[in-house]
Amino acid sequence: PYSSDAQRISGCQKAQHYGLQSSVGRGAPEIDIFEVQAGNIKANTGMFLESSVGQPFMSASYQVAPGRPNNRPGGGWWPGPGQWYEGLTGGVNSSLNIFFYGDYNHFRGDPEVKDYWSDAVS
């Protein structure tokens with residue numbers, strides 16, 4: 001939402017990077033319309049044991065920061081009760097990408113207090 005004194009929603013309060021000072025809004029989340037992962041691992045096998053989708057696959061993703069720092073699901077696992085964003089629903093013939101929930105961001109030389117999570121729904 002617009003604020004006359006600052007862009008509060010997408011401003012990263014902890015880190016100064018990419019030429020922006022801390023608490024300066026980044027302007028927009030990242031949206032990947034087509035994101036493709038090549039490979040030949042079948043669904044419900046190997047690293048895709050818990051997934052109804054195998055390789056290759058195509059996804060679309062929405063990524064925002066700062067993200068949720070606690071109670072995050074592990075990569076390759078479905079979220080448990082109270083984890084992640086409850087109530088998300090997908091369209092027909094779609095599935096949550098359980099291999100990418102976002103990243104822990106640390107910039108070399110910065111103290112840990114400036115580290116943050118970014119979240120992704122893919």
Side-chain angles (χ1 to χ4, degrees):
Y2 173 78
S3 172
S4 61
D5 61 339
Q7 183 179 353
R8 298 174 190 265
I9 298 296
S10 62
C12 183
Q13 297 175 359
K14 295 184 176 186
Q16 171 184 332
H17 54 272
Y18 303 120
L20 296 170
Q21 301 297 317
S22 63
S23 299
V24 173
R26 292 346 189 214
E30 176 181 340
I31 300 173
D32 295 321
I33 305 297
F34 298 109
E35 194 163 350
V36 178
Q37 183 173 13
N40 59 1
I41 301 173
K42 296 193 182 316
N44 301 307
T45 64
M47 70 178 281
F48 288 85
L49 187 60
E50 297 290 324
S51 177
S52 60
V53 176
Q55 291 176 322
F57 69 85
M58 190 280 299
S59 68
S61 67
Y62 177 74
Q63 300 171 42
V64 295
R68 297 175 62 150
N70 301 314
N71 202 20
R72 300 174 67 86
W77 297 98
W78 292 97
Q83 286 186 319
W84 213 226
Y85 297 93
E86 294 191 66
L88 291 177
T89 58
V92 176
N93 197 24
S94 67
S95 177
L96 178 66
N97 180 357
I98 62 172
F99 299 101
F100 185 62
Y101 293 107
D103 292 311
Y104 183 74
N105 299 278
H106 172 77
F107 292 86
R108 197 177 335 196
D110 280 354
E112 284 187 25
V113 70
K114 291 188 174 186
D115 295 356
Y116 64 95
W117 282 95
S118 57
D119 287 349
V121 176
S122 173

*Judged by modelled atom types alone, do S61 and D32 share a side-chain donor-acceptor pair under 3.5 Å?*
yes
*State, to 0.1 Å, how close Y101 and G74 come at their nearest heavy-atom pair, and which atoms those are.*
CE1-O, 3.6 Å
*How many angstroms lie between CG in D103 and OH in Y116, if you round to the nearest 0.5 Å?*
9.5 Å
*What are the two closest non-hydrogen atoms of A43 and S51, and how far apart are they?*
CB-O, 3.7 Å
*asked:* Ignoring hydrogens, what is the shortest heavy-atom contact between M47 and I41? Give both atom names and the distance.
replied: CG-CD1, 4.0 Å
*Are the side chains of W78 and W84 in touch, meaning some heavy atoms are under 4.5 Å apart?*
no
*Closest heavy-atom pair and its distance - W117, N105*: C-ND2, 3.9 Å
_With a 4.5 Å cut-off on side-chain heavy-atom distances among I, L, V, M, F, W and Y, is there a chain of contacts connecting V53 to W77?_
no
*asked:* When you group the ILVMFWY residues by side-chain heavy-atom contacts below 4.5 Å and let the links chain together, are F100 and V36 in the same group?
replied: no
_Could you check whether atom CG of N71 has more than 12 heavy atoms from other residues, nucleotides or ligands sitting under 6.0 Å from it?_
yes
*Which atom names give the shortest non-hydrogen contact between S59 and N97, and what distance separates them?*
OG-ND2, 4.4 Å
*Please lay out, stage by stage, how M58 and F34 fare under the test side-chain contact (heavy atoms from CB on, under 4.5 Å).*
CA-CA 7 Å; M58 190 280 299; F34 298 109; 3.6 Å; yes
*Nearest heavy-atom pair of P56 and A38: which atoms, and what distance?*
CB-CA, 4.2 Å
